Participant: 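The structure follows.
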Amino acid sequence: MQEHVYAVDVEGNPKDVWKLFWYRGPRQENGPVRIEILHPGDEIGEGLIRHCWFRVPRYLLSGGVGQSWEWLTQVTPYESWKYDAIGKPLWSKAEGFTRLEDLGGERTRIHFTESYHAFNPVLRVLLERRVHHFISKDNDRLIAAAINDGLAKLRAARESGTSTD
């Protein structure tokens, strides 16, 4: 089993960060990552199901693209949530927790914790560590960039009067 723990600071308050994570519109794409909401869950997002595409090593013979199906539970609005996921091509299970920490001054620290393991014991020994490292190595940078970009767009929409909140 692999574990990955990290935190990133972003330029926005927890409510705005929450809006970006819990976006329920059409599929979102940010570079090599795409997310499609399959089921929005209840009014706070409990039970949300999403389908994600992301980069994986080419030696997995999937064209360099991995996929996961994730469902979210233990949702506390503007604070935290848990996700469980099944992914391929390595056929694995991930469990993660996300927590938002208000730093004041329109800044938020996003804490992530994830555990990951391949189902097949042979693949677990041969590939699990390398694949998880490949998938996770840039998470902090990619997530911070995507969230800060989304927050900038949210601020611009508010300033132009086109925001829906």
Side-chain angles (χ1 to χ4, degrees), residues 1-12 14 16-24 27-41 44-60 62 64-103 107-151:
M1 179 178 303
Q2 305 300 307
E3 295 207 13
H4 188 66
V5 177
Y6 65 101
V8 296
D9 293 354
V10 296
E11 301 289 332
D16 286 346
V17 172
W18 180 268
K19 285 178 192 170
L20 295 175
F21 272 106
W22 294 92
Y23 171 80
R24 296 179 188 208
R27 181 171 68 192
Q28 292 295 295
E29 297 187 29
N30 189 336
V33 176
R34 295 181 310 179
I35 300 174
E36 181 177 14
I37 304 301
L38 301 177
H39 184 279
I44 64 167
E46 185 85 26
L48 182 141
I49 300 171
R50 60 189 177 203
H51 183 193
C52 304
W53 294 262
F54 49 90
R55 288 182 39 232
V56 295
R58 289 206 171 268
Y59 57 77
L60 294 176
S62 66
V65 178
Q67 296 181 55
S68 66
W69 292 265
E70 305 174 359
W71 55 99
L72 283 66
T73 60
Q74 299 179 25
V75 176
T76 304
Y78 314 117
E79 292 180 21
S80 62
W81 62 91
K82 175 186 181 241
Y83 72 89
D84 291 282
I86 299 296
K88 69 174 205 147
L90 196 53
W91 293 112
S92 57
K93 180 179 186 330
E95 176 183 72
F97 296 89
T98 304
R99 182 174 57 86
L100 306 179
E101 176 186 359
D102 188 352
L103 299 177
R107 293 188 50 77
T108 301
R109 180 166 294 137
I110 308 168
H111 299 270
F112 296 96
T113 303
E114 180 181 74
S115 62
Y116 169 94
H117 75 273
F119 291 121
N120 182 309
V122 174
L123 294 178
R124 187 178 308 139
V125 171
L126 296 176
L127 297 173
E128 181 182 271
R129 182 181 310 262
R130 284 190 300 171
V131 170
H132 189 260
H133 175 74
F134 181 95
I135 293 168
S136 302
K137 68 181 173 185
D138 291 328
N139 275 359
D140 53 350
R141 182 184 56 78
L142 293 172
I143 287 176
I147 294 294
N148 279 319
D149 181 56
L151 289 166

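These numbers come from a predicted model, not from an experiment.
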Participant: Working to the nearest 0.5 Å, report the span between CD1 of Ile135 and OG of Ser68.
Facilitator: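 Result: 9.0 Å between the selected atoms.
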
Participant: Drop me the distance from Tyr116's OH to Ser136's OG, to the nearest 0.5 angstrom.
Facilitator: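 The distance works out to 8.5 Å.
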
Participant: For residues Ile35 and Cys52, report the shortest heavy-atom separation together with the two atoms involved.
Facilitator: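 Looking at all heavy atoms of both residues, the closest pair is CG1-SG, 4.0 Å.
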
Participant: Can you tell if the side chain of Ile37 reaches within under 4.5 Å of the side chain of Arg50, non-hydrogen atoms only?
Facilitator: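 With C-beta onward as the side chain, the pair touches.
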
Participant: Atom OG1 of Thr108 and atom CG of Leu103: how far apart are they, to the nearest 0.5 Å?
Facilitator: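 Rounded to the nearest 0.5 Å, the OG1-CG separation comes to 6.5 Å.
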
Participant: Which atom pair, heavy atoms only, marks the closest approach of Gly12 to Val17?
Facilitator: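 Minimum heavy-atom separation between Gly12 and Val17: O-CG2, 4.1 Å.
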
Participant: Could you work out, with side-chain contact (heavy atoms from CB on, under 4.5 Å) as the rule, every residue matching His111, not counting sequence neighbours?
Facilitator: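 His111 satisfies side-chain contact (heavy atoms from CB on, under 4.5 Å) with Ala7, Arg99, Glu101, Arg109 once adjacent residues are dropped.
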
Participant: Starting at CG of Leu72, measure out to OG1 of Thr98 and round the result to the nearest 0.5 Å.
Facilitator: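 Reported value, rounded in 0.5 Å steps: 8.0 Å.
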
Participant: Find out whether Tyr78 and Asp102 are in side-chain contact, i.e. whether some heavy atom of one side chain is under 4.5 Å from a heavy atom of the other.
Facilitator: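 Contact flag for Tyr78/Asp102 side chains = no.
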
Participant: So, applying ring-ring contact (aromatic ring centres under 6.0 Å, His included) with Trp81, which one of Phe97, Phe112, Phe21 is it?
Facilitator: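 The passing option is Phe21.
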
Participant: Identify every side-chain donor-acceptor pair in residues 82-91 under 3.5 Å, counting partners at least two apart or on other chains, and give the distances.
Facilitator:
from	atom 1	to	atom 2	distance (Å)
Lys82	NZ	Asp84	OD1	3.4
Lys82	NZ	Asp84	OD2	2.9
Lys82	NZ	Glu95	OE2	3.2
Tyr83	OH	Glu114	OE2	2.4
Asp84	OD1	Lys93	NZ	3.0

Participant: With a 3.5 Å cut-off and no angle check, do the side chains of Gln67 and His51 form a donor-acceptor pair?
Facilitator: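 On atom types as modelled, these side chains qualify, holding a pair under 3.5 Å.
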
Participant: For Ala144 versus Val8, what's the shortest heavy-atom pair and its separation?
Facilitator: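 Heavy atoms only, the tightest pair is CB-CB, 4.1 Å.
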
Participant: Within the distance-only criterion (no hydrogens, no angle test), does the side chain of Glu46 pair as donor or acceptor with the backbone N or O of Val75 below 3.5 angstrom?
Facilitator: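 Between the backbone of Val75 and the side chain of Glu46 there is a qualifying donor-acceptor contact (under 3.5 Å).
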
Participant: Could you measure the distance from the CH2 atom of Trp71 to the CD1 atom of Ile49? Nearest 0.5 Å is fine.
Facilitator: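 Separation between the atoms: 8.5 Å.
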
Participant: When rounded to the nearest 0.5 angstrom, what is the spacing between CG in Asp149 and CG in Leu20?
Facilitator: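 Spacing of CG (Asp149) from CG (Leu20) equals 9.5 Å.
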
Participant: Without swapping roles, check the side chain of Glu128 against the backbone of Leu123 for a donor-acceptor pair under 3.5 Å.
Facilitator: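 Not confirmed, Glu128 side chain does not pair with Leu123 backbone.
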
Participant: Hey, do the aromatic rings of Phe134 and His132 have their centres closer than 6.0 Å?
Facilitator: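 No: the rings miss the under 6.0 Å criterion.
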
Participant: For Arg58 versus Gly64, what's the shortest heavy-atom pair and its separation?
Facilitator: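 For Arg58 and Gly64, the tightest heavy-atom pair comes out as NH1-N, 3.8 Å.
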
Participant: Holding to side-chain contact (heavy atoms from CB on, under 4.5 Å), I want the full list of residues that pass it with Val125, two or more places apart in sequence or in another chain.
Facilitator: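 With sequence neighbours excluded, Val125 shows a side-chain contact (heavy atoms from CB on, under 4.5 Å) to no residue whatsoever.
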
Participant: Please tell me if the side chains of Pro57 and Arg130 come closer than 4.5 Å, counting only heavy atoms from C-beta onward.
Facilitator: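 Not touching, per the 4.5 Å side-chain cut-off.
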
Participant: Compare every heavy atom of Trp69 with every heavy atom of Leu38, then report the nearest pair and how far apart it is.
Facilitator: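 Heavy atoms only, the tightest pair is CD1-CD1, 4.1 Å.
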
Participant: May I ask you to test the Ile147-Leu151 pair for a side-chain heavy-atom distance under 4.5 Å?
Facilitator: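 The answer is yes, as the side chains (C-beta and beyond) meet within the 4.5 Å cut-off.
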
